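Just so you know, these numbers come straight off a predicted model, no measurement behind them. Just so it is clear: chains get the letters A, B, ... in the order the sequence lines come, proteins before strands, and each one is counted from 1.
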Protein chains: 2
Amino acid sequence: MVAGPLPVPSGPGKDRLRLWIRLLRASRTIEAELRERLKKEFDTTLPRFDVMAALYRAPEGMLMSDLSRFLLVSNGNVTGIVDRLVSEGLVARARRNGDRRTSMVRLTDEGSKSFATIAAAHEGWIGELLGKVSEDDARRLTGMLTSFRSNWEGRE
Amino acid sequence: MVAGPLPVPSGPGKDRLRLWIRLLRASRTIEAELRERLKKEFDTTLPRFDVMAALYRAPEGMLMSDLSRFLLVSNGNVTGIVDRLVSEGLVARARRNGDRRTSMVRLTDEGSKSFATIAAAHEGWIGELLGKVSEDDARRLTGMLTSFRSNWEGRE
DNA sequence: GCAATATATTTCAAGCTTAAAGTTTTATGT
DNA sequence: ACATAAAACTTTAAGCTTGAAATATATTGC
């Protein structure tokens, strides 16, 4: 839910609802800007970038299910994105001896080089887009969100 | 970009990158949970809910372009969602005398009743999902995100 | 060994999303 | 009036996303 300018009525629990709305609006705003820049400057997309970022940090490769879990998206979704990256020569699937159901997905050399370039620009963009958040606030916010995450992950 | 558990290397500007990653992971986690519950409990979707939430607060109706701007999504996107809501009888397009390019989009009575029910559940879910965030932290976080937003909106 | 079960992945249908191109209507300049 | 531009919206193509069904391989119980 992306309710906007108009205020959420006050009442018990409304502070959390308001927080959620702000959180979602902030991330959507930044996400939209990143998506646009990735398209314009590198002719790629955020999901492709996400997959490549995950693989960049796993030189040994990842299983499809690892990617899916890590990126918080469904299995079938990853299949399509990886398919397209493979057809573009940025990613490769390597058959495994042990288990013929699975394959290790890795960046190709080209993919790795490509990602390094894009990631550098990406980091600059984030610095720019979040430039008004002081380093101090950034650390404090990060801390709150981290504790939220660990609380969450202890769920169910 | 939804980088996860592994830490972002330290360096200048890395605090903001880390913040962005946490922000995105938090919102995606909550969003996924909301989407699933909306589907399971009310057989609807987050985009439909977003549109209805916007219309609920505008009894006089909204133009398509208002919806698009407000929800931070593209024009064409809104067209499709509203089309489906109309075909479900939850929303109506009212021709306007003044300008034949536009129409006012409103909730029908059924749509309004339906939204009220779902919104109540939604607010409860948010309270639950963000339950571990203290009201105090919630207000502080909201404040930071709000100032981020106003900074952002002064851009370009 | 072999049936039953579990795991890993892909396929599928439906819907969401965007950017770009197209349509219709309104506003503007002369 | 009338051509031109602007505005509001829809359509389209491509890609993303999910949940569910299908496929293929591995593991487990007997």
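The CG atom of Leu85(A) sits 6.0 Å away from atom CE of Met52(A), with the distance rounded to the nearest 0.5 Å. Taking CG of Asn75(A) as the reference point, atom CZ of Arg69(A) lies at 8.5 Å (rounded to 0.5 Å). Within the model, atoms CZ of Arg25(A) and OG of Ser27(B) stand 13.5 Å from one another, a figure rounded to the nearest 0.5 Å.
dT12(D) atom C1' lies 14 Å from atom CG of Asp83(B), rounded to whole Å. Note: CG (Asp43(A)) to P (dA20(C)) measures 11 Å, nearest angstrom. Remark: P of dA14(C) and CZ of Arg48(B) are 13 Å apart, rounded to the nearest angstrom. At whole-Å resolution of the value, CG in Asn77(A) and P in dT17(C) are 14 Å apart. Between the CG atom of Asn75(A) and the P atom of dC12(C) there is a distance of 16 Å, rounded to whole Å. Residue Leu38(A) contributes atom CG, which lies 21 Å from atom P of dA14(D) at whole-angstrom precision. In this structure, Arg35(A) places its CZ atom 14 Å from C1' of dA14(D), rounding to the nearest Å. Note: CZ (Arg69(B)) to P (dA7(D)) measures 12 Å, nearest angstrom.
Checking dT18(C), dT17(D), dT26(C) against every side-chain atom of Ser74(B), the shortest atom distance belongs to dT18(C). Closest to the side chain of Arg84(A), from the set dG15(D), dT25(D), dT17(C), is dG15(D). Side chain of Leu63(B), nearest nucleotide from dC9(D), dT10(D), dT11(C): dC9(D).
Side-chain N/O atoms of Arg93(A) include one lying less than 4.0 angstrom from OP1 or OP2 on dT10(C). The side chain of Arg100(B) contributes an N or O atom lying less than 4.0 Å from OP1 or OP2 of dT26(C). Proximity of Ser65(B) to the phosphate of dC9(D): a side-chain N or O atom is located under 4.0 Å from OP1 or OP2. In this model, the phosphate group of dC16(D) is approached by a side-chain N or O of Thr45(A) to a distance below 4.0 Å at OP1 or OP2.
Side-chain contact of Thr102(B) with Arg96(B): a donor-acceptor pair under 3.5 Å is present, judged by distance alone.
Toward the 5′ end of DNA chain C lies the nearest nucleotide of Gly76(A), the other residue of the pair Pro47(B) and Gly76(A) mapping further downstream.
Within 4.0 Å of Arg96(B), counting heavy atoms only, lies no atom of the nucleic acid at all. Here Asp99(A) lies in heavy-atom contact (under 4.0 Å) with sugar-phosphate atoms only.
Checking Leu55(A), Val73(A), Asn77(A), Thr79(A) one by one against Leu67(A), the side-chain contact (heavy atoms from CB on, under 4.5 Å) holds for a single residue, Leu55(A).
With hydrogens and angles ignored, a donor-acceptor pair under 3.5 angstrom links the side chain of Arg101(A) to the base of dT7(C).
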